Amino acid sequence: MTDLSRPADGDDVSTGATSTEDSTPDSAGASAESGDRTPNDRETSDPGNDAVGAWSARRLLGAAVTALAGALVLVALVAPSEVKLLSLGALLRIPVEGLLAVALLLVLPARPRRVVATLLGALLGLILVLKVTDLGFSMVLDRRFDLIADWTFLGAGAEFLSESYGGAAEVGAIALAVVAALAVPVLVTLSARRLARAAAAHRRVTTRAVTALAAAWVVCAVLGAQIVPGLPVAADTVAADVFDRARQVRAGLNDKETLNTQLAGDPFRDVPGERMLTALRGKDVLFTFVESYGRVALEDPELAPEVDAVLDEGTRQLRAAGYGSRSAFLTSSTTGGGSWLAHATLMSGIRTDNQLRYTNLVRSDHLTLNGAFKRAGWRTALVMPALNRAWPEAAFFEPDTLYGAKELGYKGPLFSFSSPPDQYTLAEFQRRERGPGRTPVMAEIPLLSSHLPWTPVPPLVGWDDIGDGSVYKGTAHADRSAEGTREAYRQAVVYSLRTLISYVQRYGDENLVLVFLGDHQPARTITGDDAGKDVPITVVAKDPAVLDRIAGWGWQDGLNPDPQAPVWPMESFRDRFLRAFGPQSTTHS
């Protein structure tokens, strides 16, 4: 008769199954020595009891390891890729791929079963690595990792760690990521092999369990059962993930062709300079991106009171000095990070929402707002306060002058993201580009004091006292306890906005036109779930003719747009701006 406690095909099972060969203690030997020992002594020293105890411990250990293997495989099969869906309830689902895999393994002979289990485990391990990466991207950028386009973000993340926390943090994070990327597929593969052996060792029980779960899967699929909203109990997560990845890769590979079609349709490609931006002749036009200045800063109950107060007071102060302003919202191409994608989107009029699109775009000769101003006769400048390496992509924006960290000559302590304070950046730009006798300039200036990790910001100082930045040496706080918090974010945004308002008060005149906007919303830790990608944008000018040109836009008066303000795609801004300030229309939208 076949021994049902052993695998029929001779597999080596180490899952805690019972053995048919039991060793029994020698009762005669035990009686001979009983007079010299207490009952406790006899129990603890008896070889038979030792063997039983060791066997029980091994069985328990084997069962525990098998349970952990099952848990790891279940996580790989059903864990969601978005932080907002992550919970214990998300694991209480039935993965159809797991049921099909077990059914396949049960009908295979021993050797093919091991090979298939190894291949399935390795594939599932890679899927789990991608899911973990997706979770990181969803936490910061509110989207999944793109297999084609997003590898550069990994380098950008390492650079951020180095510049914000030092080289040791960068090296440690890279080492941890490499170890995890290698260890996770190995562990999932070993787990899959162990579960395959356990299934074969208990074929009848496994078959019944799979049959019952398959029936439950069908019922839940028909009923649309969910424990966590958005996650069906009848899960097909792996299949859906593979399909989405394939579609993502296909779109990435075809993106260059899609982009070329968009570039070919540019209505301003061949417009001569004398017919561009005629309503801004003689003006200094500054496009200033305030890092992480998102809609959340104006509407979140914890953040908005002080931010709104700064904007409302700034509106009153500038109005008293003769300035008008109009505000609305743009929907950025990114969120949580990737500022350069937003910069390219606004300036080019092409939605740039991933690194591959950015790379292809900056290699083209597409006309940017920077290039339009240059074609129309302006000097153009790029002011990049954290730039400390070669940046060949700058040529796409056609600057006559590029100011990186070295060129700005800052001698004070570094603040957020290893950059000078915003007030220094604007003061140095003013000194170099808007001094007496200079011709009109168009400048693109990112302000980085509100960049993650939102370290303490310095107070505003007198503009005449800024000098080379040494004035800030006594204002760099050692206390970083609030770093990365909502409070630190609020303080940083308030500082940047106050700096801009103060700059206009001090250096504004009839010929200054300031466009300031957020590049993207801050990370999910600040915004919460489903915050969207909207950022405020404001145009400030003293010459009323400038604001008359955009009267048809329907933007709201002042620096602080309310929730009902117009919302445009960020990529629509370039064309609307060029139409509004060109000779063909005064109020084109």
Side-chain angles (χ1 to χ4, degrees), residues 279-280 282-291 293 297-298 306-328 346 369 373 378-379 381 383 385 403 420-436 438 440-450 457-466 492-519 535-550 553 555-561 577 581:
L280 292 175
K283 307 293 187 187
D284 290 330
V285 184
L286 313 186
F287 290 87
T288 305
F289 290 87
V290 179
E291 174 67 36
Y293 175 43
L298 307 186
E306 186 170 356
V307 175
D308 287 344
V310 168
L311 292 172
D312 293 342
E313 178 61 23
T315 299
R316 289 189 289 270
Q317 291 173 342
L318 294 183
R319 186 178 292 138
Y323 296 91
S325 54
R326 300 290 184 274
S327 298
L346 185 94
L369 273 176
F373 274 94
W378 270 261
R379 287 182 302 110
V383 183
Y403 296 101
D422 292 346
Q423 191 179 11
Y424 177 87
T425 299
L426 289 172
E428 192 63 15
F429 163 76
Q430 176 69 25
R431 186 181 70 82
R432 292 171 182 265
E433 290 291 338
R434 295 193 67 224
R438 303 301 297 267
V441 63
M442 176 272 179
E444 179 184 346
I445 311 173
L447 298 178
L448 301 180
S449 289
S450 51
V457 291
L460 288 176
V461 300
W463 289 94
D464 293 332
D465 299 329
I466 292 175
V493 169
V494 164
Y495 167 79
S496 294
L497 295 175
R498 282 178 172 159
T499 298
L500 275 170
I501 294 165
S502 178
Y503 175 82
V504 175
Q505 289 176 301
R506 174 60 188 272
Y507 295 113
D509 55 29
E510 293 285 341
N511 290 324
L512 175 66
V513 176
L514 172 66
V515 181
F516 73 89
L517 69 152
D519 49 4
V535 296
I537 181 169
T538 298
V539 177
V540 179
K542 197 167 192 178
D543 183 352
V546 172
L547 298 182
D548 288 344
R549 284 272 175 159
I550 63 173
W553 288 1
W555 287 18
Q556 294 181 340
D557 182 64
L559 307 180
N560 188 7
F577 188 89
F581 292 102

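Since the structure is predicted, the reported quantities are computational estimates derived from the model, not experimental observations.
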* Asked: Can you name the ring-ring contact (aromatic ring centres under 6.0 Å, His included) partners of Tyr323, sequence neighbours left out?
  -> none
* Apply side-chain contact (heavy atoms from CB on, under 4.5 Å) to the pair Arg434 and Asp509, showing each step before the final yes or no. => CA-CA 11 Å; Arg434 295 193 67 224; Asp509 55 29; 3.7 Å; yes
* Asked: How would you list, by chain and number, every residue that makes a ring-ring contact (aromatic ring centres under 6.0 Å, His included) with Phe429, sequence neighbours excluded?
  -> none
* Asked: Judged by atom type as modelled, is there a donor-acceptor pair below 3.5 Å linking the side chain of Asp422 to the main-chain atoms of Leu448?
  -> yes
* Identify the heavy atoms of Ser450 and Ser496 that sit nearest to each other, and give their distance. => OG-OG, 3.8 Å
* Spacing of Ile445 atom CD1 and Phe287 atom CZ [to the nearest 0.5 Å] -> 11.0 Å
* Structure fact -> When every non-hydrogen atom of Ser325 is compared with those of Asp557, the smallest separation belongs to O-OD1, 3.5 Å
* Taking the side chain from Asp284 and the backbone from Leu512, do they hold a donor-acceptor pair closer than 3.5 Å? -> no
* Are Tyr403 and Glu433 linked by a side-chain donor-acceptor pair shorter than 3.5 Å? -> yes
* Structure fact -> Trp463 and Thr499 have their tightest heavy-atom pair at CZ2-O, 3.8 Å
* Structure fact -> For Ser449 and Tyr495 the tightest heavy-atom approach is OG-CE2, 3.4 Å
* To do: Give the C-alpha distance, both sets of side-chain angles, the deciding distance and a yes or no for side-chain contact (heavy atoms from CB on, under 4.5 Å) between Glu291 and Leu447.
  => CA-CA 6 Å; Glu291 174 67 36; Leu447 298 178; over 6 Å; no
* **Spatial distance of atom OH (Tyr424) from atom CD1 (Ile466) [nearest 0.5 Å]** => 9.0 Å
* side chain to side chain contact (heavy atoms under 4.5 Å, CB included) partners for Lys283, two or more places apart -> Leu280, Val285, Asn511, Val513, Asp543, Val546
* Asked: Are side-chain heavy atoms of Leu426 and Leu500 found at a separation under 4.5 Å?
  -> yes
* Nearest 0.5 Å, what's the CZ-CH2 distance between Arg326 and Trp553? -> 11.5 Å
* To do: Measure the spacing between CD of Gln430 and OH of Tyr503 and express it to the nearest 0.5 Å.
  => 3.5 Å
* Taking Ser327 for its side chain and Gln556 for its backbone only, find out whether a donor-acceptor pair lies under 3.5 Å. => no
* To do: Indicate yes or no for a side-chain donor-acceptor contact from Arg438 to the backbone of Arg432 under 3.5 Å, with no hydrogens or angles considered.
  => yes
* With Leu517 as reference, evaluate Thr288, Val539, Leu346, Thr538 under the side chain to side chain contact (heavy atoms under 4.5 Å, CB included) test and give the passing residue. => Leu346
* Find out whether Val540 and Leu559 are in side-chain contact, i.e. whether some heavy atom of one side chain is under 4.5 Å from a heavy atom of the other. => yes
* Which heavy atom in Met442 sits nearest to a heavy atom in Trp378, and how many Å separate them? -> N-CD1, 3.8 Å
* Would you indicate whether the side-chain heavy atoms of Leu298 and Pro536 approach each other to under 4.5 Å? => yes
* **Minimum-distance pair of heavy atoms, taken over all atoms of Gly518 and Val535** => O-CG2, 3.2 Å
* For the residue pair Phe577 and Phe373, does the interplanar ring angle fall in the parallel (under 30°), tilted (30 to 60°) or perpendicular (over 60°) class? -> tilted
* Asked: Going from CG on Leu497 to OG on Ser502, what distance comes out if it is rounded to the nearest 0.5 angstrom?
  -> 12.5 Å
* To do: Quick one: pull up CG in Asp312 and CD in Gln317 and give me the separation to the nearest 0.5 Å.
  => 11.0 Å
* Asked: Side-chain contact, heavy-atom cut-off 4.5 Å: Ile501 with Val310?
  -> yes
